Amino acid sequence: MKMTDLFTKTTKTVPADEAARNARLLIQAGFIHKEMAGVYAYLPLGLRVLEKIKQIVREEMDSIGGQEVMMTTLQPRDIWEKTNRWDDSVVDNWFKTALKNGTELGVGLTHEEPIVDALSAYVNSYKDLPVLVYQIQNKFRNELRAQAGLLRGREFVMKDMYSFARTQAEHDALYERIAEAYGRVYQRLGIGDITYRTKADGGYFTERFSDEYQTISDIGEDTVYVDEAKKLAINKEVYTDENLAKLGITKADLVEKHAVEVGNIFPLETKYTDALSVYYTDETGAQRSIIMGCYGIGISRLMGVLAEHFSDDKGLAWPESVAPFRVHLVRLGESPEVVKQADELYSSLTAHGISILYDNRNIRPGEKFADADLIGIPHRLVVSDKTVQAGSYEYKLRTSDAVQQLQSDALLKLLGAK
RNA sequence: CGGGGAUUGGCGCAGUUGGCUAGCGCGCCGCGUUUGGGACGCGGAGGCCGGAGGUUCGAGUCCUCUAUCCCCGACCA
């Protein structure tokens, strides 16, 4: 992508009404556009990051047998009444709307009810289970207060997965497999070291804990107690002597931290399947309840968390796995030789399957370097009169000050070109 | 929803006790000089001051209502 063609621009000043670091940086660098409080549009650079995150999640969910679907945003009232979640006094952050004829509709905030409702059409026998389905979709929640940029919005992107099992043992095995997949997702996103599986409240209908994935960050709304050696944490909401004993955690090993909930996995037992009368018939012909679990990952929230974490005083600094482009090519000067060499490098790397943001603008070097630092693409290349004379390219990592001169073949090798 | 702060060209801001054609910086357009860490000169374009109503000879400045945004809190199956 040539920067002269890019839809967005960077700005030196950021909107005064954004306080959260993630929103300030992402807006300044042209990744997102604020539509209203808690509602952000994704611009070309931001969308690339969002899609990279989605793809990692997708690959990990697929690897454990998840099947991707896409449920609807518009929701019928009746299935939510069956589980007693339609009433605003029960779930107060619904967005609701209506058909012209007055029929009330909900705007999807989660999808337990519709997925179970759909399941009833396809699952009758023990032979049809277990099932693992997921979707990546916009969710709408009428939060009283949106805050912290992408971390708490009213419209946001979420991956939600649902498991359906025949027995508790089968459910537990699935649950652990999914937990492992979650661990791999955070690892690949580069926040594995600061993201803890955290024991939290399982909800009023179960004695079990749920598991949250909490990324340590000062901006986090949650307070967790971390056992760094065991790589485990416990949410403040269930931080009691009784629970610590149950979990085999010693108070002395725990450190209090602020964290952002970047995922959660929940045992739902048979609450929703029973409420919607979806059962299966076992080998003996008996009707049995289906054990359900749900598993969320906040995709857009993760983008905010990554922006918070992978940034410095100059701007963003994306990890390779989610960077909008791999290489930021900076061309200094307009001389025919420089233009020729930069254009050729752009074509050559593109032909090798390496994604590049090419700064071909006719502006001063300082602005180009500042923009490169702000946008935060991992690898930076410079083509200038100097490099033309030297017959090499200048290479630098966003996260390092070391500058190297590289020949074309060494460069291709470094970038892992085929 | 309670408390606090805010709303003036695309962005960041200033506008004295109400007073003439609403300013500044950045950005934008044109010309020229520049070109390895956000250059400079000259010349331009762009706002009726969130919205509605009111007070007044006169309102960006005062009053009422209202919308929106930010922060703290409450809330967040």
Side-chain angles (χ1 to χ4, degrees), chain A residues 8-20 23-24 27-30 33-40 80 83-95 106 108-113 139-149 151-154 156 158 160 200-206 210 212 219-222 235 237 260-261 264 266-269 271-272 275 292 294 296 298 301 313-315 330-335 338-339 359 361-375 380-390 393-394 396 401 403 405:
Chain A
T8 56
K9 287 187 219 184
T10 59
T11 62
K12 275 197 244 185
T13 51
V14 290
D17 61 6
E18 284 287 1
R24 291 175 73 89
I27 289 171
Q28 205 182 342
H33 175 77
K34 183 180 206 160
E35 196 63 33
M36 54 179 146
V39 180
Y40 296 86
W80 295 88
T83 60
N84 190 33
R85 292 213 291 177
W86 178 257
D87 197 318
D88 286 347
S89 67
V90 179
V91 177
D92 64 3
N93 59 356
W94 267 110
F95 278 108
L109 80 171
T110 182
H111 283 79
E112 284 84 2
E113 283 81 351
K139 294 279 190 275
F140 300 85
R141 294 188 188 176
N142 205 342
E143 302 286 354
L144 285 173
R145 182 183 162 200
Q147 55 188 320
L151 301 188
R152 179 170 293 284
R154 297 196 168 96
F156 56 96
M158 184 166 166
D160 45 321
D201 188 16
Y204 64 90
F205 59 87
T206 176
S210 68
E212 293 173 343
I219 200 176
E221 305 176 297
D222 290 1
N235 194 304
E237 64 191 16
V260 180
E261 185 183 341
N264 60 36
F266 256 93
L268 296 177
E269 303 189 342
K271 175 182 159 75
Y272 295 100
M292 182 175 180
C294 77
R301 176 181 281 183
D313 56 347
K314 289 179 177 169
V330 176
R331 188 186 77 204
L332 300 185
E334 298 283 303
S335 73
V338 167
V339 171
D359 194 346
R361 298 174 298 173
N362 183 16
I363 58 173
R364 297 174 64 83
E367 291 183 66
K368 295 199 172 195
F369 290 134
D371 275 351
D373 288 339
L374 177 60
I375 292 168
R380 189 185 82 186
L381 289 171
V382 175
V383 171
S384 66
D385 287 323
K386 278 192 210 171
T387 67
V388 168
Q389 278 171 26
Y393 303 107
E394 182 181 302
K396 178 187 164 304
D401 289 330
V403 175
Q405 305 299 327

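Naming convention: chains lettered A, B, ... in sequence-line order (proteins, then strands); numbering from 1 in each chain. The shown structure was predicted, so the numbers you read here are calculated from the model rather than taken from an experiment.
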Inset, instruction - Check every strand shown and say whether A:K386 touches a base, only sugar-phosphate, or nothing at a heavy-atom separation below 4.0 Å. - result: base

Inset, instruction - Looking at every strand, decide which applies to A:E334 at a 4.0 Å heavy-atom threshold: base, sugar-phosphate, or nothing. - result: nothing

Inset, instruction - Rounded to the nearest 0.5 Å, what's the gap from CG on A:D160 to CG on A:N264? Could you check? - result: 10.0 Å

Inset, instruction - Just say parallel, tilted or perpendicular for the rings of A:W94 and A:W80, cut-offs at 30° and 60°. - result: perpendicular

Inset, instruction - Determine whether any donor atom in the side chain of A:R152 lies under 3.5 Å from an acceptor atom in the base of B:rC76, or the reverse, and answer yes or no. - result: yes

Inset, instruction - Measure the distance from CD on A:E237 to P on B:rA74 and round it to the nearest whole Å. - result: 14 Å

Inset, instruction - Calculate the interatomic distance between A:K12 atom NZ and B:rG37 atom C1'; express it in whole Å. - result: 12 Å

Legend entry - Integer angstrom distance from the C1' of B:rG23 to that of B:rA14: 7 Å

Protein and nucleotides 9-11 of chain B: nitrogen or oxygen contacts under 3.5 angstrom:
| residue | atom | partner | partner atom | Å |
| --- | --- | --- | --- | --- |
| B:rC11 | O2' | A:T13 | OG1 | 2.5 |

List, with names and distances, any nitrogen or oxygen atoms from the protein found under 3.5 Å away from nitrogen or oxygen atoms belonging to nucleotides 30-32 of chain B.
none

Legend entry - CD-CG distance between A:E112 and A:L268, expressed to the nearest 0.5 angstrom: 6.0 Å

Legend entry - Spatial distance of atom CD (A:E212) from atom CG (A:D201) [nearest 0.5 Å]: 9.0 Å

Inset, instruction - Ignoring the backbone of A:E112, work out which of B:rC72, B:rC76, B:rA77 is nearest its side chain. - result: B:rA77

Inset, instruction - Tell me which nucleotide among B:rC75, B:rA77, B:rC28 gets nearest to the side chain of A:Q147. - result: B:rC75

Inset, instruction - Give a yes or no on whether a donor-acceptor pair under 3.5 Å exists between the nucleobase atoms of B:rG37, that is its base, and the side chain of A:R380. - result: yes

Inset, instruction - Look at A:R364 and B:rG38 and indicate whether a side-chain polar atom (N or O) is within less than 4.0 Å of OP1 or OP2. - result: no

Legend entry - A:E113 vs A:W86 side-chain heavy atoms within contact, under 4.5 Å: no

Legend entry - B:rU68 and B:rG50, which share atom name P, separated by this distance in whole Å: 16 Å

Inset, instruction - Please state whether the base of B:rG73 and the side chain of A:R145 form at least one donor-acceptor pair under 3.5 Å? - result: yes

Inset, instruction - In whole angstrom, give me the gap between the C1' atoms of B:rA22 and B:rU16. - result: 15 Å

Inset, instruction - Give, for atom CG of A:L144 and atom CG of A:N142, the distance between the pair rounded to the nearest 0.5 Å. - result: 7.5 Å

Inset, instruction - Pick base, sugar-phosphate or nothing for A:D373, based on heavy-atom distances below 4.0 Å to the nucleic acid. - result: base

Legend entry - Euclidean distance for P, B:rG60 against B:rA77 (whole angstrom): 48 Å

Legend entry - Of the listed nucleotides B:rC76, B:rC71, B:rC75, the one nearest the side chain of A:N93: B:rC76

Legend entry - Watson-Crick or G-U stems of RNA chain B, 3 or more pairs, under 3.5 Å, by first number: B:1-7 with B:67-73, B:10-13 with B:23-26, B:28-33 with B:39-44, B:50-54 with B:62-66

Legend entry - Integer angstrom distance from the C1' of B:rG15 to that of B:rC76: 42 Å

Inset, instruction - Using a 4.0 Å heavy-atom cut-off across all strands, classify A:A370 as base, sugar-phosphate, or nothing. - result: base

Inset, instruction - Taking atom C1' in both B:rG9 and B:rG53, compute the distance separating them and give it to the nearest angstrom. - result: 26 Å

Legend entry - B:rU17 and B:rC62, which share atom name P, separated by this distance in whole Å: 10 Å

Legend entry - Beyond-backbone contact of A:V338 with A:L332, side-chain heavy atoms, under 4.5 angstrom: no

Inset, instruction - Inspect the contact between A:E367 and A:R361 and indicate whether a charged nitrogen and a carboxylate oxygen are less than 4.0 angstrom apart. - result: no

Inset, instruction - Using the P atoms only, state how far B:rC24 lies from B:rG46, rounded to an integer number of Å. - result: 15 Å

Legend entry - Nearest-0.5 Å distance, CZ of residue A:R154 to CG of residue A:N93: 10.5 Å

